[in-house]
There are 2 protein chains.
Amino acid sequence: MENVRVEWKALQEFATQVFEGLGMPPKDAAREAEVLIWANLRGVDSHGVQLIASYLKQVDAGVMNPKPRIQIIKETPATIFVEADRAFGPIVTTFTMEKVIEKAREVGIGWGLIRNTTHQGAMGYYSQMAAAQGMAGIAVVSSPPNMAPPGARAAGIHNSPISIAVPGKTRKFITLDMATSVVAWGKLLVAIDKGESIPKEWGLDKEGRPTTDPKQVAFLQPAGGYKGYGLAVMFECLSGLMAGNPLITAILLKQIQGSPVIQNSFVGAINIGNFTDIDEYKENVDKLVAAIKSLPRQEGVEEIFVPGEPEERVYEDRIKNGIPLPPGTIEKLRAAAERFQLKLPPGL
Amino acid sequence: MENVRVEWKALQEFATQVFEGLGMPPKDAAREAEVLIWANLRGVDSHGVQLIASYLKQVDAGVMNPKPRIQIIKETPATIFVEADRAFGPIVTTFTMEKVIEKAREVGIGWGLIRNTTHQGAMGYYSQMAAAQGMAGIAVVSSPPNMAPPGARAAGIHNSPISIAVPGKTRKFITLDMATSVVAWGKLLVAIDKGESIPKEWGLDKEGRPTTDPKQVAFLQPAGGYKGYGLAVMFECLSGLMAGNPLITAILLKQIQGSPVIQNSFVGAINIGNFTDIDEYKENVDKLVAAIKSLPRQEGVEEIFVPGEPEERVYEDRIKNGIPLPPGTIEKLRAAAERFQLKLPPGL
C-alpha cells in the first residue's frame with residue numbers, strides 16, 4: 001500500500017463537509033478544515049486530516065463541542081480572556097487571535113487567554129495570522145502531562161508547544177513552531193510504523209529509563225533537559241493557572257481520571273509598526289536570514305536552515321503536487337465519508 | 001588559595017561605592033550593585049561582582065555610559081520603547097520594567113522594548129520584579145552572536161537568555177532563567193579553571209566539530225539543537241529587529257568589527273489579577289509545584305526540582321553565611337578598591 005496524493009483544495013472541501021456533518025456552522029467547519037490542511041501542506045501530518053477520526057470520537061463522547069457558546073469573560077484595551085466552552089481549538093483560537101490583533105493595532109500589543117479549549121491543531125497557524133498583519137505573533141498551549149521532569153519516572157508536565165512568527169519581505173514568514181520535548185509523540189508513532197529504533201534521548205520507559213524502542217516510551221523527555229521542562233512549567237503558569245483552570249495539577253493529584261483533551265492557551269500579537277518601520281523590519285528579517293544562511297558550514301552540511309524553512313519547502317511541493325496520504329489516514333477519511341454519506345476527494 | 005566568604009550587605013555597599021566612583025548617580029549605583037549581588041546570592045557568580053572589572057574597562061572605553069540620557073521614544077497604554085543611551089543594563093531595564101508593571105496594572109499587560117542597553121546582569125532579577133507585584137514577568141535579551149546554528153561552524157546568533165517568573169504562596173517565586181545554549185560561557189570558564197573536560201554537547205571548536213576540551217570551544221551549541229537556536233532567532237526578531245537595531249546582522253556581515261557589548265532587550269508583565277484571583281493563583285502555583293515534586297523518581301534521584309529552586313537553596317545559604325569569592329574575583333575587587341581608594345569589605 002502506497003501513499004496517495006490528493007489535491008489540497010479537494011481535501012479541504014471534504015474536511016469542511018465532515019465538520020458540517022457534525023453540525024458545525026459552515027464558517028467554523030471551513031476554518032477547522034483550513035487549519036488541518038495548513039498542517040498537512042507543511043508536512044506536519046500529525047496535525048492534519050488524520051485527526052478527524054479522533055475529533056469525531058471526542059464529539060461523540062461529548063467532549064469537543066461543535067456548537068460552542070464562546071464567551072468573552074473579560075476584556076481590556078490590551079487583553080481578552082475567553083471561555084471556549086470546549087470549542088474545536090481553531091474556532092476559539094482564531095476568534096481570540098483576531099481580537100488580539102485588533103488590540104495590538106490600537107495599543108501596540110494584544111494578549112489573549114483561552115480557557116477550556118480542545119485540540120488546537122498546529123500553533124504556527126495562529127502566530128502566522130499576526131505575522132500576516134505586520135505583527136509578531138505568539139501562540140502557546142498547555143495540555144495534560146505527557147513529559148517527565150528531569151529525574152521523574154512519570155509525566156509531570158505537558159510538552160507545551162510554542163510558536164512565534166514574524167513577517168519577512170521576500171520570505172513571507174519566519175516561523176518557529178516547536179514542542180518543548182525533544183520530539184513530539186507523532187515522531188514515535190512514525191518510528192513504530194516503520195519498525196525503527198529511536199535515539200535514547202527521545203523518551204523514557206515506564207520505569208524512567210531511556211529507551212531506544214519507541215513502543216516502550218511512556219513519557220517524553222524535555223528538549224535541553226531542564227530548559228524544555230522549565231519552559232513547559234512556565235507555560236502552564238501562563239495559561240492553565242492564569243485561567244484559573246489548573247488541569248495539570250488536577251490530573252497529577254488524580255482529581256481528574258485519565259487525560260482529558262481540554263486545554264488552556266494564550267496568544268499574543270506585537271504590532272511591529274508601533275516600534276519601527278514595518279518595511280524596514282521585513283527587510284531586516286530577510287537580511288538576518290541571508291546572513292545566517294551564508295555562514296560557513298560544518299563538513300558534510302549542505303545548508304543552514306532558519307525556523308520554518310523545512311516546512312516551507314514541503315509546502316512548495318504539496319501546494320502543487322497534492323498532499324500524500326498514507327493508507328491509515330485514507331481509512332479514517334473513508335470511515336468519515338461513510339458516516340456522513342460524503343464523496344471522498346478525487347484519487348481516494 | 002581558597003574562597004573567602006563575604007557578608008552580602010558589605011559586598012553590595014562596596015560595589016555601590018565602586019559605581020559611585022564611576023560617576024553614577026547614587027541611586028543608580030545602588031541598583032547596579034543590587035543586581036550583581038542578586039546573582040551572587042543565587043549562585044550565578046558569572047553575573048555577580050566579578051563583572052565589575054569588565055564594566056570598568058567598558059566605561060573607560062566609552063562604551064558603557066554611567067550617566068546615560070535614557071529616553072522614552074514611544075509610549076502607548078500597553079507598551080513603551082526606550083532608548084538606553086548605552087546605560088548600564090540594570091538602570092534602564094528596571095526603569096522600563098517599572099513602567100511596564102504600571103501599564104499591566106492598568107490594561108492587563110505591559111510590554112517594554114529597550115534599544116542600545118549594555119550588559120543587563122541576570123535577567124531573573126527583572127522577571128521577579130513583576131512577580132513581586134502579583135504579575136507574571138518576562139525578560140529577554142539579544143546580544144552579539146556566540147552560538148552556532150545547527151550545521152554552522154561559526155557563531156550566527158546569541159544564546160539569548162529568557163527569564164519568566166510568577167509568584168507562589170509559601171514559595172515566593174517560580175523563576176525560569178535560562179540561556180538558549182546547552183550551557184552559558186561561564187560554565188566553560190569554570191571547567192577551564194578546574195582543568196576538567198566537558199560533555200561534547202556543550203560547544204564546537206573553530207572547525208565546527210564537537211569538543212570535550214573547554215579551551216577549544218569557539219561557539220556554543222544551542223539547547224535542544226534546532227529548538228534553542230529557533231528561540232534565539234525569534235528573540236532577535238522581537239528585540240534587535242523590533243528596535244530597528246539589527247546588531248547581529250551587522251556583525252555577521254562585518255559591518256561592525258568585533259563584538260560590541262551593546263544589546264537590545266524586551267521585558268513584559270502580565271497582571272494575574274486581570275484574569276483570575278491572585279491569591280488562588282499563588283495557591284495553584286504551590287499546588288503545581290507540590291504535585292511535580294511528589295512524582296515518582298528515577299532510580300538514584302533524590303529530588304525533582306522546579307525552575308529556580310536550586311538557586312533558592314544557594315540563596316538560603318549565602319544570605320546567612322555570606323558570598324564565597326574565589327581568589328580571581330578578590331583580585332578584581334582589590335584593583336577596583338585601589339582605583340577609587342575604597343576600603344574592601346571585611347574579610348578581604
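Remember, it's a predicted structure, so these values are computed and weren't measured experimentally. Chain letters run A, B, ... following the sequence lines, proteins first, then strands; residues in each count from 1.
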> How many angstroms lie between atom CD of A:Glu283 and atom OG1 of B:Thr249, to the nearest 0.5 angstrom?
Replying inline: 12.0 Å
> Who wins among B:Asp177, B:Val166, B:Ile73, B:Thr76 for the most heavy-atom pairs under 4.5 Å with chain A?
Replying inline: B:Thr76
>> Quick check on the interface: out of A:Met178, A:Lys227, A:Lys74, who has the most heavy-atom pairs with chain B under 4.5 Å?
In response: A:Lys227
> Using non-hydrogen atoms only, which part of B:Leu204 is less than 4.5 Å away from chain A: side chain, backbone, both, or neither?
Replying inline: side chain
> Is any side-chain heavy atom of A:Leu288 closer than 4.5 Å to a side-chain heavy atom of B:Pro246?
Replying inline: no
>> Within this structure, what is the CG-NZ distance for the pair A:Leu241 and B:Lys282, rounded to the nearest 0.5 Å?
In response: 13.5 Å
>> Using side-chain contact (heavy atoms from CB on, under 4.5 Å), reason through B:Ile292 and A:Val233 one step at a time and then give a plain yes or no.
In response: CA-CA 10 Å; B:Ile292 289 175; A:Val233 170; 4.2 Å; yes
> Does A:Gln298 use its side chain to pair, donor to acceptor, with the backbone of B:Arg153 at less than 3.5 Å?
Replying inline: no
> What part of B:Phe305 is in contact with chain A, defined as an atom under 4.5 angstrom from a non-hydrogen atom: side chain, backbone, both or neither?
Replying inline: both
> Side chain, backbone, both or neither: which part of B:Ala155 has an atom under 4.5 Å from a heavy atom of chain A?
Replying inline: backbone
> Is the side chain of B:Tyr229 donor-acceptor paired with the backbone N or O of A:Pro307 at a distance under 3.5 Å, no angle test?
Replying inline: no
>> Is B:Glu236 in contact with chain A via its backbone, its side chain, both, or neither, using a 4.5 Å heavy-atom distance?
In response: side chain
> Under a 4.5 Å heavy-atom cutoff, which of B:Gly268, B:Gly208, B:Gly151 has the most pairs with chain A?
Replying inline: B:Gly151
> In terms of heavy-atom pairs under 4.5 Å with chain A, which of B:Ala104, B:Ala136, B:Ala179 leads?
Replying inline: B:Ala179
>> Can you confirm whether A:Glu299 is buried at CD, in the sense that more than 12 heavy atoms of other residues, nucleotides or ligands lie under 6.0 Å from that atom?
In response: no
>> Only pairs of heavy atoms separated by less than 4.5 Å count here; which of A:Gly224, A:Gly230, A:Ala148 has the most with chain B?
In response: A:Gly230
> Checking heavy atoms, do the side chain of B:Pro150, its backbone, both or neither come under 4.5 Å from chain A?
Replying inline: backbone
> When heavy-atom pairs shorter than 4.5 Å are enumerated against chain B, which of A:Leu176, A:Thr175, A:Val301 gives the highest number?
Replying inline: A:Leu176
> Side chain, backbone, both or neither: which part of A:Val182 has a heavy atom under 4.5 Å from chain B?
Replying inline: backbone
>> With a 4.5 angstrom heavy-atom cut-off, is it the side chain or the backbone of B:Ile109 that approaches chain A, or both, or neither?
In response: both
> Using a cut-off of under 4.5 Å for heavy-atom pairs, which of A:Ala165, A:Cys237, A:Gly225 has the most such pairs with chain B?
Replying inline: A:Cys237
> Does a side-chain heavy-atom distance below 4.5 Å link B:Leu252 with A:Leu295?
Replying inline: yes
>> Looking at B:Lys172, I'd like to know if its NZ atom is crowded, meaning that more than 12 non-hydrogen atoms belonging to other residues, nucleotides or ligands lie closer than 6.0 Å.
In response: no
> Picking from A:Ala291, A:Ala223, A:Ala290, A:Ala152, which has the most non-hydrogen pairs under 4.5 angstrom with chain B?
Replying inline: A:Ala152
>> I'd like to check the ring-ring contact (aromatic ring centres under 6.0 Å, His included) partners of B:Phe235; sequence neighbours left out, ordered by chain and number.
In response: none
> With B:Asp205, which residues qualify under salt bridge (Lys or Arg N to Asp or Glu O under 4.0 Å), at least two apart?
Replying inline: B:Arg209
> Does the side chain of A:Ile270 reach to within under 4.5 Å of the side chain of B:Phe266, using non-hydrogen atoms?
Replying inline: no
> Any idea which heavy atoms bring A:Pro149 and B:Ile304 closest together, and the distance?
Replying inline: CB-CG2, 4.0 Å
>> At a 4.5 Å cut-off on heavy atoms, which part of B:Val289 comes close to chain A: side chain, backbone, both, or neither?
In response: neither
>> Return the CD1 to CG distance between A:Ile248 and B:Asn284, rounded to the nearest 0.5 Å.
In response: 12.0 Å
>> If I measure from the heavy atoms of chain A, does B:Ile80 come under 4.5 Å with its side chain, its backbone, both, or neither?
In response: backbone
> Quick one: of A:Leu231, A:Asn274, A:Val285, A:Ile174, who has the most non-hydrogen atom pairs under 4.5 Å with chain B?
Replying inline: A:Asn274
>> Counting C-beta onward and ignoring hydrogens, is there a side-chain heavy-atom pair between A:Phe275 and B:Leu238 closer than 4.5 Å?
In response: no
> Around B:Lys169, counting heavy atoms of other residues, nucleotides and ligands shown, do more than 12 lie under 6.0 Å from its NZ?
Replying inline: no
